There are 2 protein chains.
Amino acid sequence: MSESSKPSRTRAQQRLDTQERILGAARQAFAELGYEHTTIRAVAAAAGVNAGLVMHYFGSKEQLFTRAAQIETHELPPGEPAEALLSMLRSRLDDEPAASLALLRSVLTHAGASDDFRDSGRAWLSRVGEAIPHQDADLRAGLVTAIITGVIIDRHLLKLSALADASADDIVELLRPCFESLAGEHTTP
Amino acid sequence: MSESSKPSRTRAQQRLDTQERILGAARQAFAELGYEHTTIRAVAAAAGVNAGLVMHYFGSKEQLFTRAAQIETHELPPGEPAEALLSMLRSRLDDEPAASLALLRSVLTHAGASDDFRDSGRAWLSRVGEAIPHQDADLRAGLVTAIITGVIIDRHLLKLSALADASADDIVELLRPCFESLAGEHTTP
DNA sequence: GTCTATAGAGAGATAGAC
DNA sequence: GTCTATCTCTCTATAGAC
């Protein structure tokens, strides 16, 4: 029967809460500093716990990163592909999730991040490729993805003035012709 | 016969030669590994010298990076802006200089690199902005630059299959409509 | 469930010898 | 002009106490 009586928060509950706090702090740190400049100590401090506990829960810095940078693969909305891609760009311009920013910031310097990125990107790319009605669909999918990534990096990570200050609507409007020429339903020559 | 008397290479010459070897090794290392994973020791070894010598010549890792990642600001060829941008993208698709890749690889994680990047990018952006015949020229310049950067990163740094394997010509052809809509000489609404 | 203590490795930087 | 030796710092990771 009862043990600690009032199970308003069981021990397992408490454990999950703490893990979530740590993951949140880790996501933010990885997004702002990148993999190498993020220290277990700093993550622990931000989560209000001790560094040893972080290791105890996640095993290594590498595993902590993989957990923190885990992103649900972006779904491509149904309908005309160019418009679908634009609407997903639109939402990412407004608020890109921290986990995704963490992955982006670290992808150029941390080998593990590149792998995570490739894995989560593969499904996305093939989905986009299938939606594009052209022979060279793969290259086109790679190009729109490169464009989206480039814009997101400049806006959220590098905060380059022109892109960081612009309204999401203006950006989308300016890029519409690009997306239509790459992913639109033209007749293939 | 003579030994050190033959000034086929003076001491100052020798010094410059060695410095150049070090800079070359540094560029390659920074481009491949990023700022944080590049060690003075490894650069020295690759250049066939000792780590102490690198410090002696360049003072600090930070200064070594700044020297190694120094890039002549890309000149925008004269003529119609969209075509000018495409032709410069074209050349960067074939072989991007190591110094530029080093800067790109490090820009997301190293503060000093971001500054160097911003500085060398500012001149470029204003030049592109001036060439674009639109009111919102700055935003348009930021967008084409983001596109170029995204494509170069995916091709040369992440080596994502679709972009890494494609021919430069195919990429340029697919992106031409994008560049024309962003930087072309349309009548402004 | 959480924290303390510390081992162990690697890096940048400095001073001076050859 | 170039190298050896070393100092000092910081970080991950481990072992075990409360």
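All of these numbers come straight from a predicted model, not from anything done at the bench. Any value given below was found using the heavy atoms of this structure, including those in side chains, with hydrogens, waters and symmetry copies removed. Letters go in sequence order (proteins before strands), and every chain restarts at 1.
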If you count every heavy atom of other residues, nucleotides or ligands that lies below 6.0 Å from B/Arg176 atom CZ, does the total exceed 12?
yes
Could I get the full list of side chain to side chain contact (heavy atoms under 4.5 Å, CB included) partners for A/Gln28, not counting sequence neighbours?
A/Glu32
What string of B, S and - do you get for nucleotides 1-6 of chain D, 5' to 3', if B is base contact, S is sugar-phosphate-only contact and - is no contact with any protein heavy atom under 4.0 Å?
SBSB--
Classify the side-chain pair A/Glu36/A/His110 by whether it contains a donor and acceptor separated by less than 3.5 Å.
no
CZ of B/Phe58 versus P of C/dT14: gap in Å, rounded?
16 Å
When clusters are formed by joining ILVMFWY residues with side-chain heavy atoms under 4.5 Å apart, either directly or through shared neighbours, do A/Leu93 and A/Trp124 land in the same one?
yes
Kindly work out whether a path of hydrophobic side-chain contacts (I/L/V/M/F/W/Y, heavy atoms less than 4.5 Å apart) joins A/Leu33 to A/Phe117.
no
Separation of atom CD in B/Glu36 from atom C1' in C/dG12, rounded to whole Å:
14 Å
Between C/dA9 (C1') and A/Lys61 (NZ): distance, integer Å:
15 Å
